[in-house]
Visitor: 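A single structure is presented below for examination.
Naming: A, B, ... by sequence-line order, numbering from 1 per chain.
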Amino acid sequence: MAKVVAVTGNEAVAEALRQVNPDVCGIYPITPQTDMMQRYASFINNGKVDTEAVLVESEHSSMSACIGASAAGGRVVTATSSTGLALMWEMLHIASGDRLPIIMPVVNRALSAPLNIHGDHSDAMGARDTGWIQIWSENGQEAYDNTIQAFRIGEHMDIRLPAMVCMDGFIISHSIERMEYLEDAEVKKFVGEFKNLHPLLDLDKPKSYGPLILTDLFHEYKRAQHEVMTKVKGVVLEVAGEFEKLSGRKYGLFESYRLEDADIALVILNSAAGTSKDVVDAFRDRGIKAGLLKPRLFRPFPYEEVAAALKNTKAVCVMDRADSFGGYGPLFMEVSSALYQLRNRPALINKIYGLGGRDYLPSHAELVLNELDGIAKGGKINVFKEYIGVRE
Amino acid sequence: MEKTFARPRSLKTVPFRYCPGCGHSLIHRLIAECIDELGIREKVVGIAPVGCAVFSYDYFNFDILESAHGRPPAVATALKRVMPQKIIFSYQGDGDLAAIGTSEIIHAAARGENISVFFVNNANYGMTGGQMAPTTILGQRTTTTPGGRSAATEGYPLRVSELLATIEGASFIQRVSLDTYGEVTAAKSAISRAFRGQMEGRGFSLVEILSPCPTDWGFSPKASLEWIRTAMKKVYPTGVMKDRDKGI
């Protein structure tokens with residue numbers, strides 16, 4: 001029986017972690033993640049979980065501690081944001097290269113400089129190529145649900161990869177929403193007992209993690225990482241199916257919103273997708289066939305499925321809350337790669353919005369959809385990549 | 001009438017927005033007074049940390065460079081070496097200097113860099129809301145040690161000044177406090193000494209300042225000063241830990 005609550009995104013994810021009750025967690029504060037793991041420290045102090053906490057001195061040490069604990073055979077979590085994720089960069093590659101299923105909520109925040117504590121996607125996009133699974137969440141409910149599912153995905157015996165669950169800093173982490181919690185026993189049963197794979201300290205089968213491998217086998221090792229990523233989509237869908245039976249909430253590789261017959265579409269991640277759906281509805285009311293695609297699984301990116309979902313549109317705008325300076329936004333580059341394989345492709349433009357927590361307003365979505373409507377009706381594209389919501 | 005007391009020129013004419021009873025405002029004032037008195041305002045560059053004093057550039061009336069968390073000693077090293085005629089100081093809390101940046105401060109001291117470091121020890125991570133820091137004393141309740149810090153699970157408090165005093169490259173290390181008028185005066189003398197040491201090319205100096213954090217400690221400003229006296233100073237005694245010139 002689901003319990004209806006009014007909680008913040010951070011509180012919801014801390015609750016998911018409590019229900020999973022991992023063996024070890026790394027705790028190090030960084031805004032806006034801080035109060036998630038602080039709540040978890042209270043759970044430990046109050047005897048609600050039996051997790052071993054390591055209060056480390058930096059994120060680099062936090063991820064290092066997680067790598068050790070995971071290699072030793074524990075179910076391991078930590079959480080971070082922004083420059084904290086950036087400081088983990090070296091260790092992120094080691095976690096995925098060692099195939100350690102560490103689960104890490106990432107409360108998305110801008111990177112320095114200038115220093116900014118508010119939400120954008122620069123942090124997780126910077127970790128795009130680290131070999132981690134990335135699952136993105138529109139709101140607190142999705143962050144809670146995705147966190148629970150991430151354990152099943154990362155720990156799946158065919159996968160064994162670390163996974164980060166992303167939600168927007170402050171906009172979601174600190175906003176109170178209505179959501180539904182599963183029962184403790186349901187979550188416990190859903191994630192199941194943690195199963196080891198090649199743990200350290202097995203004296204009958206001694207082994208090494210992350211040894212020196214040079215030109216002889218390194219290339220093959222990385223191909224193996226590539227190949228395991230190709231299996232993730234199937235596992236994500238399988239876990240989502242089971243989760244739907246448990247919760248009634250449906251998840252896929254991405255969410256298609258009024259996309260079936262759409263002429264124009266936005267592709268947009270996380271909380272801003274929620275804002276945009278209202279505007280899509282308003283355009284539909286005006287007889288304009290607008291739709292929206294909200295990616296959920298960003299790594300590995302579901303290229304074929306995204307292409308199939310957008311193939312009948314005439315004009316698409318990919319909205320990025322991060323920039324690859326000197327290039328397009330990171331989400332745009334993925335969607336562009338996906339659409340290139342189609343014989344007939346929609347026109348494609350890229351808008352950069354909401355950096356450093358700049359508000360994304362319905363009027364922004366409206367401007368973009370109007371521009372797309374003009375392009376779909378034969379108008380020409382004036383600029384492929386553009387910042388919107390800029391103070392001039 | 002003759003004007004005998006004024007705001008230091010090294011402070012902007014804006015009110016401090018730190019929490020009531022916080023030590024940062026006072027420490028900013030002491031640093032600004034020393035800089036004015038030494039006549040070095042035109043030559044000073046400060047390094048701001050990550051932590052509450054990230055806002056120090058809103059108050060200091062000279063150039064400030066914001067550094068990544070824990071990296072001010074490395075940034076100060078580079079500034080001083082590129083501009084040896086300038087006076088370079090870093091201003092760091094215990095989260096910045098004694099946690100994420102511990103390696104930076106040790107190696108800056110070991111290299112004997114001719115910089116001045118002001119280290120604010122308030123025994124917790126203030127900016128993020130009072131989590132345990134390496135400087136948190138045993139039994140102290142923080143948001144990540146709600147039952148009090150335990151040596152068995154969280155280890156022991158880190159005494160940075162004593163640690164750095166063992167390093168040959170360090171020239172002057174003193175721990176001061178803000179809990180009495182006398183201590184505040186001693187703090188100012190130590191800050192001035194750290195600047196003068198740099199001006200005379202004596203090498204690495206650090207002043208550790210025990211500073212109240214009423215908001216995160218959950219005490220009144222007055223009770224916070226009392227807690228420094230009765231609890232913190234037992235773990236962190238004030239005094240000169242190293243003075244190479246005097247053979248200490």
Visitor: To the closest 0.5 Å, what do you measure between OH (B:Y236) and OG (B:S177)?
Guide: 13.0 Å
Visitor: With rounding to the nearest 0.5 angstrom, report the CD1 to NZ distance, B:I35 to B:K43.
Guide: 12.0 Å
Visitor: Please verify the inter-ring angle class for B:F89 with B:F60; under 30° counts as parallel, over 60° as perpendicular, anything in between as tilted.
Guide: perpendicular
Visitor: Non-hydrogen atoms of chain B under 4.5 Å away: do they reach the side chain of A:I117, the backbone, both or neither?
Guide: neither
Visitor: Pick one of side chain, backbone, both or neither for A:V56, based on which atoms fall under 4.5 Å of a heavy atom in chain B.
Guide: backbone
Visitor: Check side-chain contact (heavy atoms from CB on, under 4.5 Å) between A:A86 and all other residues, then give those that pass, not counting sequence neighbours.
Guide: A:L111
Visitor: Kindly provide each donor-acceptor pair between chain B and chain A shorter than 3.5 Å, listing atom names and distance.
Guide:
from   : atom 1 : to    : atom 2 : distance (Å)
B:I100 : N      : A:E57 : O      : 3.2
B:Q131 : NE2    : A:Q38 : OE1    : 2.3
B:T143 : OG1    : A:Q38 : OE1    : 3.1
B:G147 : N      : A:N45 : OD1    : 3.3

Visitor: Checking B:Y18 against B:H28: is there a side-chain donor and acceptor pair closer than 3.5 Å?
Guide: yes
Visitor: Measure the spacing between SG of B:C52 and CE of B:M127 and express it to the nearest 0.5 Å.
Guide: 5.0 Å
Visitor: Under the side chain to side chain contact (heavy atoms under 4.5 Å, CB included) criterion, do A:V7 and A:I176 qualify, and how do the steps go?
Guide: CA-CA 5 Å; A:V7 293; A:I176 294 176; 5.7 Å; no
